[in-house]
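To start, the structure itself, in structure tokens.
Here the structure is a predicted model, which means the values were calculated and not measured. Position 1 is the first residue of the sequence; numbering continues from there.
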Amino acid sequence: MSFTDAPQIDRPTDPATHVNVPLPLSGEDQARADLYALLSRLLLAAPDGALLDALAHADPILSEGGNPALEQAWEALTLASGVMDPDAVAEEFDAIFISVGTPPVNPYGSRYLSGYLNDTPLAELRADLARFGIGRVRGVGEFEDHLGALCETMRVLIAGAPAQSGTIPRQPLAVQQAFFEVHIAPWYERCLADIASAEGANYYRLVVRLADAFLAIEAEAFVVGEALTDSPA
């Protein structure tokens with residue numbers, strides 16, 4: 001799906017036309033938000049010793065008879081987190097994402113969708129973010145279309161977040177789906193493949209494995225949910 005062909009986010013333009021009623025946060029949605037938060041953290045910066053230790057002692061994810069890809073990816077990441085040296089992971093992260101000159105991987109949607117950084121897809125993303133009341137924090141070096149930043153946006157759409165003007169409310173599943181399909185789905189697989197194949201990738205191959213398994217579940221769940229919504233009663 002090209003960016004221009006993707007469905008656009010459908011949002012009210014006049015706040016007076018609707019009332020923000022807090023949506024209940026289910027256990028499943030909390031788990032989704034937590035995984036998006038973790039992926040955001042790992043894609044934006046190398047894990048420190050505290051995070052590695054927390055991952056090493058994290059509870060397992062159980063597939064409960066479904067596709068075991070996420071369960072297996074989580075187990076592999078948590079086991080590796082228990083033996084990885086934080087300095088080694090930091091060096092790996094820098095080699096993949098922050099090397100001198102052009103890094104092996106630039107995990108920005110605009111780069112994958114148009115071939116250029118800071119291009120039209122980023123401008124269109126910023127327009128959608130503005131409708132939610134989400135903006136780039138002053139002093140943050142990464143653009144909003146960084147895959148890690150987009151994972152954080154998904155967390156906010158699922159769980160809501162505090163903001164300077166009050167709160168950013170949780171968004172309905174249909175809005176989450178539209179954002180995912182416009183701004184993440186068209187390119188994330190290529191980006192993850194590039195990270196996994198980058199020279200020196202070791203721990204981050206496991207991060208990619210987790211991200212790929214989780215985002216594939218998200219994509220499938222959105223499609224299934226849409227089909228159920230569209231089916232006659």
Side-chain angles (χ1 to χ4, degrees), residues 7-55 57-59 61 74 77 81 93 97 107-110 118 121-185 188 207 210-211 214-215 217-219 221-222 225:
Q8 298 302 300
I9 305 292
D10 184 13
R11 293 275 298 164
T13 56
D14 182 0
T17 63
H18 69 292
V19 177
N20 286 328
V21 178
L23 299 172
L25 186 64
S26 66
E28 179 182 355
D29 280 345
Q30 184 64 67
R32 291 174 60 221
D34 289 346
L35 276 171
Y36 272 119
L38 175 62
L39 292 176
S40 175
R41 171 64 180 83
L42 293 173
L43 290 168
L44 288 168
D48 56 16
L51 179 54
L52 289 172
D53 184 65
L55 286 169
H57 293 90
D59 292 333
I61 291 176
W74 179 254
L77 183 69
S81 297
F93 181 91
F97 301 109
Y108 295 94
S110 189
N118 201 11
L122 176 57
E124 296 185 355
L125 168 64
R126 285 173 172 167
D128 279 337
L129 292 176
R131 296 187 185 104
F132 297 118
I134 299 174
R136 185 181 180 190
V137 177
R138 182 175 299 178
V140 172
E142 307 295 354
F143 293 130
E144 297 92 327
D145 62 340
H146 188 289
L147 186 56
L150 289 169
C151 286
E152 173 60 13
T153 299
M154 285 297 298
R155 182 196 70 79
V156 171
L157 296 184
I158 294 167
Q164 290 183 347
S165 58
T167 60
I168 300 172
R170 295 189 61 223
Q171 300 300 317
L173 190 63
V175 175
Q176 299 171 31
Q177 176 180 359
F179 186 89
F180 181 92
E181 291 181 348
V182 171
H183 299 298
I184 299 176
Y188 81 83
V207 174
L210 178 69
F214 174 60
L215 295 178
I217 290 172
E218 285 284 280
F222 284 137

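Side-chain contact between Leu25 and Arg170: present, with at least one pair of heavy atoms (C-beta onward) separated by less than 4.5 Å. Side-chain contact between Phe93 and Val207 is absent, with no heavy-atom pair separated by less than 4.5 Å. Contact check for Leu44 versus Phe97: no side-chain heavy atoms found under the 4.5 Å cut-off. For the pair Leu210 and Leu38, the minimum side-chain heavy-atom distance is below 4.5 Å.
Within the model, atoms CG of Leu35 and CZ of Phe214 stand 5.0 Å from one another, a figure rounded to the nearest 0.5 Å. Between the CG atom in Leu173 and the CG atom in Asp29 there is a gap of 7.5 Å [rounded to 0.5 Å]. Taking CD from Glu28 and CD1 from Ile158, the interatomic distance works out to 10.0 Å, rounded to the nearest 0.5 Å. Note that the CD1 atom of Ile168 and the CD1 atom of Ile134 stand 4.5 Å from one another [nearest 0.5 Å]. Note that OG of Ser40 is 8.5 Å distant from NE2 of His146, once rounded to the nearest 0.5 Å. In this structure, CG on Leu147 lies 11.0 Å from OH on Tyr108, to the nearest 0.5 angstrom.
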Inset, instruction - Walk me through it: do Ile217 and Phe222 pass the test side chain to side chain contact (heavy atoms under 4.5 Å, CB included)? - result: CA-CA 9 Å; Ile217 290 172; Phe222 284 137; over 6 Å; no
Inset, instruction - Applying side chain to side chain contact (heavy atoms under 4.5 Å, CB included), run through Phe132 and Thr153 and close with a yes or a no. - result: CA-CA 10 Å; Phe132 297 118; Thr153 299; 5.7 Å; no
Inset, instruction - Evaluate the side chain to side chain contact (heavy atoms under 4.5 Å, CB included) criterion for residues Leu51 and Leu42: first the C-alpha distance (whole Å), next the side-chain angles of each, then the deciding distance (0.1 Å), finally the verdict. - result: CA-CA 10 Å; Leu51 179 54; Leu42 293 173; 3.9 Å; yes
Inset, instruction - Go through the steps for Phe143 and Arg136 under the test side chain to side chain contact (heavy atoms under 4.5 Å, CB included), then give the verdict. - result: CA-CA 8 Å; Phe143 293 130; Arg136 185 181 180 190; 3.5 Å; yes
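Nearest heavy-atom pair, Asn118 versus Ser110, reported as atom, atom and distance to 0.1 Å: N-OG, 3.8 Å.
Under the salt bridge (Lys or Arg N to Asp or Glu O under 4.0 Å) criterion, the residue pairs touching residues 154-168 are Glu152-Arg155, with sequence neighbours excluded.
Judged by distance alone, with hydrogens and angles left aside, the side-chain atoms of Gln171 form a donor-acceptor pair with the main-chain N or O of Pro169 at under 3.5 Å. A side-chain donor-acceptor contact under 3.5 Å links Arg41 to the backbone of Ala45.
Residues His183 and Asp145 bring no donor and acceptor atom of their side chains to less than 3.5 Å of each other. Side-chain atoms of Gln176 and Arg32 include a donor-acceptor pair closer than 3.5 Å.
Scanning for side-chain contact (heavy atoms from CB on, under 4.5 Å) contacts around Ala58 gives Trp74, Thr78, with sequence neighbours left out.
In this structure, Phe180 and Tyr188 have tilted ring planes: the angle between them lies in the 30° to 60° band.
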